[in-house]
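First up is the structure itself, then whatever we jot down about it.
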Protein chains: 2
Amino acid sequence: MPAVVVSRLSLYLRELQHLVRAGRATVSSSQLATLFGFTDAQVRKDLAYFGHFGHPGIGYRCSELIAEIRRILGTDRQWTVTMVGVGNMGRALLRYRGFSTQGFCIVAAFDRDQSIVGSQIEGVPVFDVSRLGEIVRAQGIQLGMITVPANEAQQVADQLVAAGIAGIVNFAPVALSLPEEVGLVGVDLTTELEQLAFSVANRCSSR
Amino acid sequence: MPAVVVSRLSLYLRELQHLVRAGRATVSSSQLATLFGFTDAQVRKDLAYFGHFGHPGIGYRCSELIAEIRRILGTDRQWTVTMVGVGNMGRALLRYRGFSTQGFCIVAAFDRDQSIVGSQIEGVPVFDVSRLGEIVRAQGIQLGMITVPANEAQQVADQLVAAGIAGIVNFAPVALSLPEEVGLVGVDLTTELEQLAFSVANRCSSR
DNA sequence: CTGTGTGAAGGCCTTCACAGCC
DNA sequence: GGCTGTGAAGGCCTTCACACAG
């Protein structure tokens, strides 16, 4: 299965949830496709990698497909998440409601700023970063989000790995070096703006 | 040229800047490649699409390559940016220093919360969203970042397009429909976590 | 007739392997 | 020896086109 399929499944899931909220019961591959500028064949192939979810002549039942995609992504279960770095970005993400509704529960945050250690932000307790290993291990936290400055990110990542984390989302603008068996996703906002600048400067529609 | 090349150029740029800060003068394609888990041939091909920047036997001079990549991306010039939606995410992004050093200058923000309209956040003035068209047009603002709730994002995008914006970064978790000639990049944090969950649940190293 | 699932074809992207250069 | 730039090969991903189902 192509690697990009999973990211498209996430997009399908998101729009399916919007469709259900709008009262739609079914959707066809071509309707889904036009939302993103994909082809209908691509949508069907993406879904067919994982099973037979469609109904010929009807399309896909939204709620049914939502359940299937969540099962595929593994977000039908709950994931425990920690956030390391409670600066501007960390705080914004802690306050973002979208994670918990999709199966991600932030259970602990870490920082070294003593003025916030011991407090709670949106119900999430903030611990001193020196207790990272202890708490991640004790609570069996599965995923970590790194929102510290770039020059501290690798060290934090190493601590998370040592504590047995299964995957990391890295918001620091630096490449991390991790063991093969730990999942890694990088999010760099400057990179995204640069993408946009290039596509605008070269008038190449990225779609 | 493959579409993904541009996103890799951004990554090269980022690490080159780290290398320069660490005092490195040159770097080879294989050294750059191992930072990301790419092949050396890929790095060379990516760069060779745009010119002959390397020096056989030496590698690439970091500062030289930085200048070239910035020129390619279009970030050797300054871009004016606006942010629509000054909630948690918007505020965090306004306070993020990384944009301005890479050529992106946030010159105005918009919200409809009257308690912040008229104030400044990190030196960026916050206007009522009703003045969006007027101000974007008057100041010739080039790029827009959308950080409003999903159900308001399309409407905001339409206003930005009407005001003549050249490109949009959409942080709202919804697919936007824009005219072909307007650049669009989507950033969905939940999607990123879902990627990670899948790769962990299926123990497939995404690298 | 609408719409899915899917082999086959086509195209795009990456990797290989080496000529050329320092 | 070290390293880049690049045609050729290979592989991966998307699109096509159609059999089949409701």
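Order of the sequence lines sets the chain letters (A, B, ...), proteins ahead of strands, with each chain counted from 1.
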task: Classify the side-chain pair B/Glu194/A/Ser10 by whether it contains a donor and acceptor separated by less than 3.5 Å.
output: yes
task: Give a yes or no answer on whether the side chain of A/Thr147 reaches the backbone of A/Gly85 with a donor-acceptor pair at less than 3.5 Å.
output: yes
Taking only residues two or more places apart in sequence, or in another chain, which ones meet [X] in a side chain to side chain donor-acceptor pair (under 3.5 Å)?
{"X": "A/Glu122", "value": "A/Arg97"}
{"X": "A/Asp188", "value": "A/Thr191, B/Arg14"}
{"X": "A/Gln159", "value": "none"}
{"X": "A/Arg137", "value": "none"}

Taking the side chain as C-beta and beyond, is there a heavy-atom pair between [X] and [Y] under 4.5 Å?
{"X": "B/Phe198", "Y": "A/Leu9", "result": "no"}
{"X": "B/Gln142", "Y": "A/Val200", "result": "no"}
{"X": "A/Asn88", "Y": "B/Arg91", "result": "no"}

Would you give me the side-chain donor-acceptor pairs under 3.5 Å for residues 161-176 of chain B, sequence neighbours excluded?
| unit_1 | atom_1 | unit_2 | atom_2 | d |
| --- | --- | --- | --- | --- |
| B/Asn170 | OD1 | B/Ala172 | N | 3.0 |
| B/Asn170 | ND2 | B/Ala172 | O | 3.2 |
| B/Asn170 | ND2 | B/Val174 | O | 3.0 |

query: For DNA chain D, whose closest nucleotide is more 5', that of A/Asp46 or that of B/Ala48?
result: B/Ala48
- prompt: Using a cut-off of 4.0 Å on non-hydrogen atoms, how would the nucleic acid contact of A/Ser30 be classed: base, sugar-phosphate, or nothing?
  reply: nothing
message: With nearest nucleotide decided by heavy atoms, which residue, A/Arg44 or B/Gln42, maps closer to the 5′ end of DNA chain C?
response: A/Arg44
Near-strand residues of residues 15-24 of chain B, defined as heavy-atom separation under 4.0 angstrom from DNA chain C: none
task: Scan residues 9-28 of chain B for pairs that pass ring-ring contact (aromatic ring centres under 6.0 Å, His included), counting only residues two or more places apart or in two chains.
output: B/Tyr12-B/Phe36
- prompt: With sequence neighbours excluded, what pairs up with A/Thr26 under the side-chain contact (heavy atoms from CB on, under 4.5 Å) test?
  reply: A/Ile58, A/Arg61
message: Can you give me the first and the last nucleotide of DNA chain D (5' to 3') that has an atom within less than 4.0 angstrom of a non-hydrogen atom in chain B?
response: D/dG2 to D/dA8
query: Where along residues 49-72 of chain A does a heavy atom come under 4.0 Å from DNA chain D, residue by residue in number order?
result: A/Tyr49, A/Pro56
- request: List in numerical order all residues of residues 3-13 of chain A for which some heavy atom is under 4.0 Å away from an atom belonging to DNA chain D.
  value: A/Ala3, A/Val4, A/Arg8
- request: Taking salt bridge (Lys or Arg N to Asp or Glu O under 4.0 Å) as the test, write out the residues that go with B/Arg44, two or more places apart.
  value: B/Asp40
- prompt: Can you tell me how far C1' of C/dG5 sits from CG of A/Leu47, to the nearest Å?
  reply: 11 Å
